[in-house]
*Asks:* 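A single structure is presented below for examination.
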There are 2 protein chains.
Amino acid sequence: MARAATTSDAFNAIAERQRREILVLLQGGERPVAELARGLGMSQPQASKHLRVLREVELVRVRRVGKQRLYGLDARGLRPVHEWLGGFERFWSGSFDRLDEYVQDLKQARREEPSDGDGQ
Amino acid sequence: MARAATTSDAFNAIAERQRREILVLLQGGERPVAELARGLGMSQPQASKHLRVLREVELVRVRRVGKQRLYGLDARGLRPVHEWLGGFERFWSGSFDRLDEYVQDLKQARREEPSDGDGQ
DNA sequence: TTGACACTTTCCGATATAGGCATATGATGT
DNA sequence: ACATCATATGCCTATATCGGAAAGTGTCAA
């Protein structure tokens with residue numbers, strides 16, 4: 001097995017820096033492909049490919065306007081990611097750097113004691 | 001070029017589901033490798049490899065205790081990721097679903113009007 | 001030293017990625 | 001129909017992944 005497809009979820013899709021940059025540019029509103037490509041200094045085909053990935057995970061939408069294709073942000077797919085990260089917020093927003101580790105250790109010790117071997 | 005290394009950032013490191021699950025388990029405190037492997041139903045070598053990746057991007061720390069190696073969370077590396085996502089918060093936390101798109105369109109239109117053709 | 005335990009690393013294969021370049025598709029204008 | 005502009009797709013290569021199986025390192029106990 002190789003790495004999970006970039007199109008398998010938002011996590012994988014945004015792992016690529018250029019894709020992230022596209023999303024940031026799109027915060028400013030819809031943009032045609034060429035403008036995105038220029039703005040990020042990449043070839044047009046490459047931009048298209050990245051946009052395809054973002055489209056497949058539904059982080060962007062397309063709209064045809066004449067010959068152009070306007071890509072727009074659909075950030076809803078980022079919400080679960082943001083929420084997942086939120087679960088870690090408490091670990092950097094305070095005491096959790098040294099002092100609390102103590103408590104962790106204690107909890108850890110108790111966990112170890114019962115020597116059950118299974119739990120949930 | 002292939003995909004960026006999983007060890008190149010937190011973004012890439014957490015793209016893998018199992019790695020994310022490890023981090024979640026670690027929220028409950030330090031854990032030895034075998035327990036993580038069991039908890040996630042993966043082989044112990046596989047767990048070790050994932051932990052290596054997480055260690056390289058500094059999302060976890062190790063500590064030896066006898067024969068065991070206790071892995072602990074170091075969530076600070078997730079903060080930039082969380083912050084990056086925060087930039088998109090406004091796009092799902094309100095009106096930005098249909099109505100505001102309008103405004104976007106207008107801004108977009110003005111952007112297009114100057115009909116420059118080349119920027120830099 | 002020997003053995004058992006906890007973990008790490010190496011070797012292997014299958015897969016799919018990012019990017020370059022060429023080409024195909026599709027809409028517009030004449 | 002044809003040329004042109006704006007995008008998309010196909011083909012190619014190098015690379016690195018995840019996973020399994022096996023072998024290596026390091027610690028403790030007798």
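Chain letters run A, B, ... following the sequence lines, proteins first and then strands; every chain starts at 1. Computed from a predicted model, the values in this text were never measured in an experiment.
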*Asks:* Could you check how far CG of B:Leu70 sits from P of D:dT27, rounded to whole Å?
*Replies:*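 Result: 15 Å.
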
*Asks:* Roughly, in whole Å, what's the span from CG in B:Leu40 to P in D:dC18?
*Replies:*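 Nearest whole value for this atom pair: 15 Å.
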
*Asks:* Angle between ring planes, B:Trp84 versus B:Phe11, binned at 30° and 60°: parallel, tilted or perpendicular?
*Replies:*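 Perpendicular, since the angle between the ring planes exceeds 60°.
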
*Asks:* For nucleotides 21-23 of chain C, tabulate all protein N/O to nucleotide N/O atom pairs closer than 3.5 Å, reporting atom names and distance.
*Replies:*
none

*Asks:* From NE2 of A:His50 over to P of C:dG20, roughly how many Å is that when rounded to an integer?
*Replies:*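 The distance from NE2 of A:His50 to P of C:dG20 comes to 9 Å, rounded to the nearest Å.
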
*Asks:* Starting from the 5' end of DNA chain C, give me the residue, A:Ala2 or A:Gly66, whose nearest nucleotide shows up first.
*Replies:*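 This one resolves to A:Ala2.
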
*Asks:* Out of D:dT9, C:dT17, D:dA6, which has the shortest distance to the side chain of A:Ala5?
*Replies:*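 Nearest listed nucleotide: C:dT17.
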
*Asks:* Base, sugar-phosphate alone, or nothing: which one does B:Arg17 contact when heavy atoms must sit under 4.0 Å apart?
*Replies:*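 No contact.
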
*Asks:* Over how many whole Å does the gap from A:Arg69 atom CZ to D:dT7 atom C1' extend?
*Replies:*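 Value for this atom pair: 6 Å.
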
*Asks:* Should B:Arg79 and B:Glu83 count as an ion pair when the cut-off is N to O under 4.0 Å?
*Replies:*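 Here B:Arg79 pairs with B:Glu83 in a salt bridge, since their nearest N and O are under 4.0 Å apart.
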
*Asks:* On the nucleotide C:dA27, are OP1 or OP2 found under 4.0 Å from the side-chain N or O atoms that A:Arg64 carries?
*Replies:*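 Checking A:Arg64 against C:dA27: at least one side-chain N or O falls below 4.0 Å of OP1 or OP2.
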
*Asks:* Considering the options B:Glu35, B:Arg31, B:Arg55, which one meets the side chain to side chain donor-acceptor pair (under 3.5 Å) requirement together with B:Tyr71?
*Replies:*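 Single side chain to side chain donor-acceptor pair (under 3.5 Å) partner of B:Tyr71 among B:Glu35, B:Arg31, B:Arg55: B:Arg55.
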
*Asks:* Is there a donor-acceptor pair under 3.5 Å between the side chain of B:Asn12 and the backbone N or O of B:Thr7?
*Replies:*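 A pair under 3.5 Å: no.
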
*Asks:* Could you check whether B:Glu21 pairs with B:Arg17 (Lys NZ or Arg NE/NH1/NH2 to Asp/Glu carboxylate O, under 4.0 Å)?
*Replies:*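 Here B:Glu21 does not pair with B:Arg17 in a salt bridge, since their nearest N and O are not under 4.0 Å apart.
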
*Asks:* D:dG19, OP1 or OP2 - any side-chain N/O from B:Gln18 closer than 4.0 Å?
*Replies:*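 Yes, B:Gln18 has a side-chain N/O under 4.0 Å of OP1/OP2 on D:dG19.
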
*Asks:* If we check side chain to side chain contact (heavy atoms under 4.5 Å, CB included) with B:Arg19, which of these qualifies: B:Leu40, B:Leu59, B:Val53, B:Val60?
*Replies:*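 Going through B:Leu40, B:Leu59, B:Val53, B:Val60 one by one, the side chain to side chain contact (heavy atoms under 4.5 Å, CB included) with B:Arg19 is satisfied by B:Val53 alone.
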
*Asks:* For B:Arg19, answer base if it contacts any base atom (sugar-phosphate contacts may also be present), sugar-phosphate if it contacts only those atoms, and nothing otherwise; contact means non-hydrogen atoms under 4.0 Å.
*Replies:*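 Result for B:Arg19 = sugar-phosphate.
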
*Asks:* Evaluate A:Arg63 against A:Arg69 for side chain to side chain contact (heavy atoms under 4.5 Å, CB included), listing each step before the verdict.
*Replies:* CA-CA 6 Å; A:Arg63 189 162 66 94; A:Arg69 240 149 197 144; over 6 Å; no

*Asks:* Can you find a side chain N or O atom of A:Tyr71 that sits less than 4.0 Å from OP1 or OP2 on D:dA8?
*Replies:*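 Checking A:Tyr71 against D:dA8: at least one side-chain N or O falls below 4.0 Å of OP1 or OP2.
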
*Asks:* I need the CE-P distance between A:Met1 and D:dA21, as an integer number of Å.
*Replies:*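 My rounded result for the distance is 14 Å.
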
*Asks:* Just compare C:dA18, D:dA6, D:dT9 and give me whichever is closest to any side-chain atom of A:Lys67.
*Replies:*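 Between C:dA18, D:dA6, D:dT9, the one nearest the side chain of A:Lys67 would be D:dA6.
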
*Asks:* Could you tell me the separation between the CD atom of B:Glu16 and the C1' atom of C:dT17, rounded to a whole number of Å?
*Replies:*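 Distance check: B:Glu16 CD to C:dT17 C1' gives 15 Å.
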
*Asks:* Using heavy atoms to find the nearest nucleotide of DNA chain D for A:Ala4 and A:Arg52 separately, return the residue whose nucleotide is more 5′.
*Replies:*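 Result of the comparison: A:Arg52.
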
*Asks:* For A:Thr6, report the nucleic acid contact type (base, sugar-phosphate, nothing); a contact means any heavy atom under 4.0 Å.
*Replies:*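 Counting heavy atoms under 4.0 Å across all strands, the contact made by A:Thr6 is with sugar-phosphate only.
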
*Asks:* Grab the CD1-P distance between A:Ile22 and C:dA18 for me, whole Å please.
*Replies:*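 A:Ile22 atom CD1 is separated from C:dA18 atom P by 11 Å.
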
*Asks:* Is the backbone of A:Leu73 close enough, under 3.5 Å, to the side chain of A:Arg61 for a donor and an acceptor to pair up by distance?
*Replies:*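 It does hold such a pair.
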
*Asks:* In whole Å, I'd like the distance from the CG atom of B:Asn12 to the P atom of D:dA16.
*Replies:*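 Distance, rounded to whole Å: 13 Å.
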
